[in-house]
Amino acid sequence: MPPRKRARVTRRTSNPGKDDDDDGDGETISPVKETVPKKKTTRKAKEVSEPPASPQYCRWLMKSEPESRLESGVDMKFGIEDLKALPDQTDCWDGVRNYQARNFMRQMKEGQVAFFYHSNCKEPGIAGVMKIVKEAYVDHTQFDKKDVHFDGTSKADNPKWSMVDVQYQRMLKRFLPLSELKKYHLQHRAKSGPLKDMALFTRARLSVQPLTTEEFDFIVSLEDEEPL
DNA sequence: GCCAACGTTGGC
DNA sequence: GCCAACGTTGGC
């Protein structure tokens, strides 16, 4: 991994008390309902604790700030151009300090794709596409006292935070501004369309969020449309 | 720079 | 376990 990483997104040092909530990702967004096979006397508790029956997503959206902003003296800037400029155009997505976002990263599988979203900037929106090239592993910055995202409550034998590696794939043919996505979202909410429940609007502050394939495909199709 | 939305903390 | 205070995210 590259030398100096700026962080992205959610920081927050949490505390020992309530940590680990495994993974469930409490969600309200679940597209798929799961019927729990409760019956059966023959089967005992299946394996240990179940991997929570969460719907499995395979498309993602990840936010990062493309413009300079100092946080504790450290520049948080990391836009898609910065990812593209790295060796192998690959980087680890460190610094996520929000349980829901972390849990989504833990669900990511190698080869899946994610939108690179530019947040907290002049023109927020989706800039391009990247690919997950390494599944969730320990985010080392939680143990680095010098890092902005150091978390003193995380223990080496039970690390709290994870990250994945992402690789630049391509820019979108045109930048898709949040304002445009929002128009579609409102339209689709009124008439029912693919973006009616998009997490970008229903869970505004989530820095790592899932997309259904319908949402993803619709958004990609906008590349060839005139700006709304 | 403002501030609404919302996650986290911690007293009780 | 409730909930008020607090801190952060991120659009505008």
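Side-chain atoms are counted along with the backbone in the values below, which use heavy atoms only and exclude waters and symmetry mates. Residue numbering restarts at 1 for every chain, and letters A, B, ... go by the order of the sequence lines.
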Which donor-acceptor pairs under 3.5 Å do side chains of residues 214-224 of chain A form with protein atoms, sequence neighbours excluded?
unit_1	atom_1	unit_2	atom_2	d
Glu215(A)	OE1	Thr212(A)	N	2.8
Glu215(A)	OE1	Thr212(A)	OG1	3.4
Ser221(A)	OG	Phe218(A)	O	2.6
Glu223(A)	OE1	Arg170(A)	NH2	3.1
Glu223(A)	OE2	Arg170(A)	NH1	2.6
Glu223(A)	OE2	Arg170(A)	NH2	3.4
Glu223(A)	OE2	Lys173(A)	N	2.7
Asp224(A)	OD1	Lys173(A)	NZ	2.7
Asp224(A)	OD2	Lys173(A)	NZ	3.4

Output side-chain donor-acceptor pairs under 3.5 Å for residues 108-119 of chain A, partner residues at least two apart or in another chain, one line each.
unit_1	atom_1	unit_2	atom_2	d
Gln112(A)	OE1	Trp60(A)	NE1	2.8
Gln112(A)	OE1	Lys109(A)	N	3.1
His118(A)	NE2	Ile80(A)	N	3.0

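Within the structure, the ring-ring contact (aromatic ring centres under 6.0 Å, His included) test picks out the following pairs touching residues 189-210 of chain A (sequence neighbours left out): His185(A)-Phe201(A). The salt bridge (Lys or Arg N to Asp or Glu O under 4.0 Å) pairs that include a residue from residues 130-139 of chain A are Arg97(A)-Asp139(A), where partners are two or more places apart or lie in different chains. Counting only residues at least two apart or on different chains, the salt bridge (Lys or Arg N to Asp or Glu O under 4.0 Å) pairs with a member in residues 176-193 of chain A are Arg174(A)-Glu180(A).
Annotation: side chain to side chain contact (heavy atoms under 4.5 Å, CB included) contacts of Ser68(A) (sequence neighbours excluded): Asp75(A), Lys77(A). When the side-chain hydrogen bond (donor to acceptor under 3.5 Å, both in side chains) test is applied to Gln142(A), the partners found at least two apart in sequence or on another chain are Ser154(A).
Nucleotide dG10(C) holds its C1' atom 13 Å from the CG atom of Leu206(A), rounded to whole Å. Rounded to whole Å, atom C1' of dT8(C) lies 15 Å from atom CZ of Arg97(A). Across the protein-nucleic acid pair, Met76(A) atom CE and dT9(C) atom P stand 10 Å apart, rounded to whole Å. The separation between Arg102(A) atom CZ and dG7(B) atom C1' is 14 Å, rounded to whole Å. Atom C1' of nucleotide dG10(C) and atom CG of Asn98(A) are separated by 14 Å, given to the nearest angstrom. Regarding Leu181(A), its CG atom lies at a distance of 15 Å from the P atom of dG10(C), rounded to whole Å. Spacing between atom NE2 of His118(A) and atom P of dG11(C) amounts to 12 Å, rounded to whole angstrom units. Atoms CE (Met198(A)) and C1' (dG11(C)) sit 15 Å apart, rounded to a whole Å.
Looking at heavy-atom distances under 4.0 Å, Phe201(A) makes no contact with the nucleic acid at all.
The shortest distance between the side-chain N/O atoms of Lys182(A) and the OP1/OP2 oxygens of dG10(C) is not below 4.0 Å. For Lys63(A), no side-chain nitrogen or oxygen approaches OP1 or OP2 of dT9(C) to under 4.0 Å. Phosphate proximity of dC6(B) to Tyr99(A): absent, as no side-chain N or O sits under 4.0 Å from OP1 or OP2.
Recorded end-axis angle for the helix from dG1(B)-dC12(C) to dC12(B)-dG1(C) stands at 10°, based on five pairs per end and rounded to 10 degrees.
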Restricting to nitrogen or oxygen on both sides, can you table the protein-nucleotides 2-5 of chain C pairs closer than 3.5 Å?
none

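Under the 6.0 Å cut-off for aromatic ring centres, Trp161(A) and Phe143(A) do not qualify, their centroids lying 6.0 Å or more apart.
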Go through Glu71(A) and Arg69(A) one step at a time and tell me if the salt bridge (charged side-chain N to carboxylate O under 4.0 Å, His left out) criterion holds. CA-CA 6 Å; Glu71(A) 187 173 301; Arg69(A) 183 178 63 84; 3.1 Å; yes
